[in-house]
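What follows is one structure encoded as structure tokens, with my remarks underneath.
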Amino acid sequence: MARVSFKEQVLRAREDAIVASVNRLLAEKGFDVMTVDEVAADVGIAKASLYKHFTSKEELAAAAMIRVLQRALDFTAPLGNDAALLPIDKLRAVARWTMEVQLAGEMPSLPSQNSTLRQALVGNRDYMDRLITLSDRLGEWIVAAQAAGQLNASLPPEVVLYTLFARACDPVLGFLKASGQHSDEQIIAYLLSTCFDGLRGPAH
């Protein structure tokens with residue numbers, strides 16, 4: 001195993017600090033409001049130094065998304081190896097995790113309509129590889145849950161997948177938290193219920 005030089009260690013530590021700052025600022029303000037100057041100031045480096053690591057605001061956002069996707073892959077890997085868990089339980093666990101990350105202020109917020117950002121993400125192999133791996137993993141659980149009668153089998157699997165992804169940026173979480181009337185655990189329980197049980201409630 002090649003030894004990492006001190007200079008390389010410093011560069012990696014600085015890059016980690018940059019990505020952590022971007023992740024937090026994206027969670028707090030969103031992509032459109034966040035600026036490169038703000039990231040540099042938050043990390044405590046010159047803007048020119050930041051550009052040695054990331055060449056654009058879009059590249060910064062991609063790095064933050066790669067990090068959160070890797071966290072999701074690390075979280076879901078043991079779920080996939082747990083034969084005792086039902087497919088629906090694995091999906092609920094993933095939905096819960098995304099809500100916990102968002103409520104903790106650690107989920108990057110990206111606009112759905114931004115051509116330059118979309119192009120940067122689609123063109124980033126590290127991002128796309130992780131997104132495809134996660135989508136395939138969740139897709140297998142969705143199909144299995146539908147086959148077992150745990151999810152509505154009339155829904156296309158991609159609709160269920162996108163619904164789960166939407167939990168990572170659900171504004172209802174923020175609204176309920178800002179009201180101060182509910183604990184984080186209550187908020188998560190409410191949204192898990194609406195996501196998996198619907199609004200209609202049990203039949204009488």
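The basis for the numbers below is simple: all heavy atoms, side chains too, and nothing from hydrogens, waters or symmetry mates.
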Any donor-acceptor pair under 3.5 Å linking the side chain of Ser21 with the backbone of Ala17?
no
Is it true that, when you exclude Tyr190 itself, more than 12 heavy atoms of the residues, nucleotides or ligands shown sit nearer than 6.0 Å to its OH?
yes
CD of Glu185 to CE of Met99, rounded to nearest 0.5 Å, is 10.5 Å
Would a distance-only check, ignoring hydrogens and angles, find a side-chain to backbone donor-acceptor pair under 3.5 Å from Arg137 to Leu73?
yes
Using the rule given for salt bridge (Lys or Arg N to Asp or Glu O under 4.0 Å), can you reason through Arg167 versus Asp170, listing the C-alpha separation, both sets of side-chain angles and the distance that settles it, and then say yes or no?
CA-CA 5 Å; Arg167 298 288 71 75; Asp170 193 337; 3.0 Å; yes
Correct closest heavy-atom pair for Val36 and Tyr51 would be CG1-OH, 3.7 Å
Any salt bridge linking Arg92 with Asp89? Criterion: basic side-chain nitrogen under 4.0 Å from a carboxylate oxygen.
no
Whether the side chain of Glu8 engages the backbone of Ser5 through a donor-acceptor N/O pair (distance < 3.5 Å, no angle test) should be reported.
no
Go through it in stages, so that I can follow the logic: the residues are Leu117 and Leu110, the test is side chain to side chain contact (heavy atoms under 4.5 Å, CB included), and I'd like the CA-CA distance, side-chain angles, deciding distance and then a yes or no.
CA-CA 9 Å; Leu117 177 58; Leu110 302 182; 4.1 Å; yes
First locate atom CG of Leu134, then atom CD1 of Ile132, and finally report the distance between them rounded to the nearest 0.5 Å.
11.0 Å
Answer yes when Glu58 and Arg118 have at least one side-chain N-carboxylate O distance shorter than 4.0 Å, and no when they do not.
no
Within this structure, what is the CH2-CD1 distance for the pair Trp97 and Ile188, rounded to the nearest 0.5 Å?
12.5 Å
Are Thr194 and Val172 packed together at the side-chain level, in the sense that at least one heavy-atom pair is separated by less than 4.5 angstrom?
no
Can you tell if the side chain of Leu25 reaches within under 4.5 Å of the side chain of Glu28, non-hydrogen atoms only?
yes
Heavy atoms only: give me the nearest Met65-Pro108 pair and the separation to one decimal.
SD-CB, 3.8 Å
Please examine the side chains of Asn124 and Glu59, heavy atoms only from C-beta on, and report whether any two atoms are closer than 4.5 Å.
no
Does Arg24 reach the main-chain N or O of Ala20 with its side chain, forming a donor-acceptor pair under 3.5 Å?
no
Could you tell me which non-hydrogen atom of Lys90 sits nearest to which non-hydrogen atom of Asp82, and how far apart they are?
CE-O, 3.6 Å
Start with the C-alpha gap between Asp32 and Lys57, add the side-chain angles, then the distance that decides, and say whether salt bridge (Lys or Arg N to Asp or Glu O under 4.0 Å) holds.
CA-CA 10 Å; Asp32 291 331; Lys57 181 178 174 180; 5.5 Å; no
Could you go through the side chain to side chain contact (heavy atoms under 4.5 Å, CB included) check for Thr76 and Trp141 one step at a time?
CA-CA 11 Å; Thr76 56; Trp141 299 345; 3.9 Å; yes
Using 0.5 Å steps for rounding, measure from the CG atom of Leu173 to the NE2 atom of His182.
12.0 Å
To the nearest 0.5 Å, what is the distance between CD (Glu100) and CD1 (Ile187)?
12.0 Å
Between Ala95 and Thr98, the two heavy atoms sitting closest are O-OG1, 2.7 Å
Is it the case that the side chain of Thr163 and the backbone of Val159 share a donor-acceptor pair, with hydrogens and angles ignored and the cut-off at 3.5 Å?
yes
Residue pair Leu138, Phe165: steps toward the side chain to side chain contact (heavy atoms under 4.5 Å, CB included) verdict:
CA-CA 10 Å; Leu138 297 181; Phe165 279 153; 3.9 Å; yes
Run the side chain to side chain contact (heavy atoms under 4.5 Å, CB included) check on Glu106 and Val68 step by step: do they pass?
CA-CA 8 Å; Glu106 300 171 357; Val68 77; over 6 Å; no
